[in-house]
Protein chains: 2
Amino acid sequence: MTSSSVPAEAAVPVRIGSMESSSTTGGSTRREATRQKLYEAAVTLIAEQGFSATTVDEIAERAGVAKGTVYYNFASKSVLFEELLRHGVGLLTASLRDAAEQTAREGGSRVDALDAMVRAGLVFIDRYPAFTQLYVAELWRTNRAWQSTLMVVRQQAVAVVEGVLREGVEGGEFSDEIDVQLTAAALVGMVLVAALDWKSFQPERSLDDVHAALSRLLQGRVSGKG
Amino acid sequence: MTSSSVPAEAAVPVRIGSMESSSTTGGSTRREATRQKLYEAAVTLIAEQGFSATTVDEIAERAGVAKGTVYYNFASKSVLFEELLRHGVGLLTASLRDAAEQTAREGGSRVDALDAMVRAGLVFIDRYPAFTQLYVAELWRTNRAWQSTLMVVRQQAVAVVEGVLREGVEGGEFSDEIDVQLTAAALVGMVLVAALDWKSFQPERSLDDVHAALSRLLQGRVSGKG
DNA sequence: CTTTTTGCACTGACCAGTCAGTTCAAAAAC
DNA sequence: GTTTTTGAACTGACTGGTCAGTGCAAAAAG
């Protein structure tokens, strides 16, 4: 296991295949496609069963490759998982940032930015429900190998929300008594749980519908008559 | 790894108070006490590592009993887990219901009831953080043996929140345009994620502090100056 | 153009270790 | 005397990871 006699081992450039095939420059070829298939297989299986209950054999089978191929492309089962995690949250973070920035560019308020981010979150969960499940299931675990990866990656996403809240407080749009960190976590939780519930128990509803419900809650338009 | 000499077994960070409230009914005796120890051991281990990654040997060791005792008291590993689940959510549901009813008894509004339930949720998570972790990690999984148990038990808890929202709508206190089911899920998510974040990343803060932050969000006192 | 070589990507049988669950005689606890 | 616990041995299935070998497309040699 440790210190095997591995020769030169032409440095594999840890490329993370994008969840959607970007295929910008023709660099990838077969390898990239294989990685992609493995990500997709792993994400659904782990979302369904959890990391430990998912076997490498299953992942390989679902991806339509041999088991050895998994280990040709990834150092271990947990490395595969960590790269999956990093990539997925990277997409989410970028999406949230875009939403906030575009709102600012269009002259919207901070509440508008928050609302746009809620929508961006919903769009993400709508597109990658399995990834979201898997992420939530692992986030608050302790004593796990990828704990640090998870923390870093969580902070990236939450920081975007915190940033908008902080700007809002500084600009006087939000009360300066709000607790930025906790409020950000609560907002993330609101979207996360509502969306997972949507996907799990009312999948027929439209994104706009769900967004409208959360918007109302976000903007405190719950009390009082409609 | 197995049966290592286990040094001091020092301070377990996440303490689970006895989930069996008090020994009111005298039916238990020794057996009940053993079961209790097994619950407590299982809940922390599974919260940390997940169900599949936790071995029966570990649970027995942590509980300080022999492996045979586990199988004398529970038919299987998953039966132990299911009973744990049912018991824990039973406590939460009772607690939420109490909060709502007491608010009503004292003549509070529905928002007050919601607020009381937020607090009850926080108190629960504060007392049983490991159980909460474990529950969240399993809730949205699919294809698992205890899936149906989980659904039933989830519905019990969420229904209490939905009930208060519905009463609020009927009584004109809440807008009749709110989506009861989604809003309930969002509220639960808000408390859940904020609390887990609190326990994981800001454990030094007080419950009142966290409650105040969530109250503000719940009552839409975010926008506008302090 | 044809033949040979190269080396990347992939294969799948295999191994050493692990784990849920069983068994049971004997000891404790009640 | 009965109920509960112990503790260690055992089984049989499963799993992460390994490795010698295959296939093939493009480069190099002829």
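For clarity, every value in this text was computed on a predicted model and none was experimentally measured. In the text below, chain A, chain B and the rest are named by the order of the sequence lines, each starting its count at 1.
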TODO: Among dG17(D), dG12(C), dG21(C), find the nucleotide with the atom closest to the side chain of Ser76(B).
DONE: dG21(C)

- [ ] Using atom OH of Tyr71(A) as one end and atom P of dA9(C) as the other, report the distance to the nearest whole Å.
- [x] 19 Å

Task: Val193(A) side chain near Met190(B) side chain, heavy-atom distance below 4.5 Å - done: no

TODO: Pick base, sugar-phosphate or nothing for Thr54(A), based on heavy-atom distances below 4.0 Å to the nucleic acid.
DONE: sugar-phosphate

Open item on the list: I need the Leu139(A) CG to Leu192(A) CG distance, nearest 0.5 Å.
Closed with: 8.5 Å

TODO: Tell me whether the OP1 or OP2 atom of dA9(C) has a side-chain N or O from Thr69(A) closer than 4.0 Å.
DONE: no

Open item on the list: I want to confirm an ordering. Mapping Ala75(A) and Thr55(A) to their closest nucleotides on DNA chain D, which one lands closer to the 5' end?
Closed with: Thr55(A)

TODO: Could you check how far CD of Glu61(B) sits from P of dA20(C), rounded to whole Å?
DONE: 13 Å

Task: Protein-nucleotide distance (Ile59(B), atom CD1; dG21(C), atom P), rounded to Å - done: 10 Å

Open item on the list: Quick check for you: to the nearest 0.5 Å, what is the distance between Ile46(A) atom CD1 and Glu58(A) atom CD?
Closed with: 10.0 Å

Open item on the list: Without decimals, in angstroms, what is the distance between Lys77(A) NZ and dC14(D) P?
Closed with: 15 Å

- [ ] Compute the ring centroids of Tyr39(A) and Phe74(A), then answer whether they are less than 6.0 Å apart.
- [x] yes

Task: Contact under 4.0 Å: Tyr72(B) side-chain N or O vs dT4(D) OP1/OP2 - done: yes

Task: Whole-Å gap separating C1' (dT22(C)) and CZ (Phe74(B)) - done: 18 Å

Task: Euclidean distance, atom CZ of residue Arg31(B) to atom P of dT6(D) [Å, nearest integer] - done: 12 Å

Open item on the list: Under 4.0 Å from OP1 or OP2 of dT5(D): is there any side-chain N or O of Thr34(B) that close?
Closed with: yes

Task: Protein-nucleotide distance (Glu32(B), atom CD; dT3(D), atom P), rounded to Å - done: 17 Å

Task: Polar pair under 3.5 Å, donor/acceptor by atom type, side chain Lys67(A), base dG17(D) - done: yes

TODO: Starting at atom CG of Asn73(A), determine the distance to atom C1' of dT11(C), rounded to an integer number of angstrom.
DONE: 13 Å

Open item on the list: Just to verify, what does Phe51(B) make a ring pair (Phe, Tyr, Trp, His ring centres under 6.0 Å) with, not counting sequence neighbours?
Closed with: Phe81(B), Trp146(B)

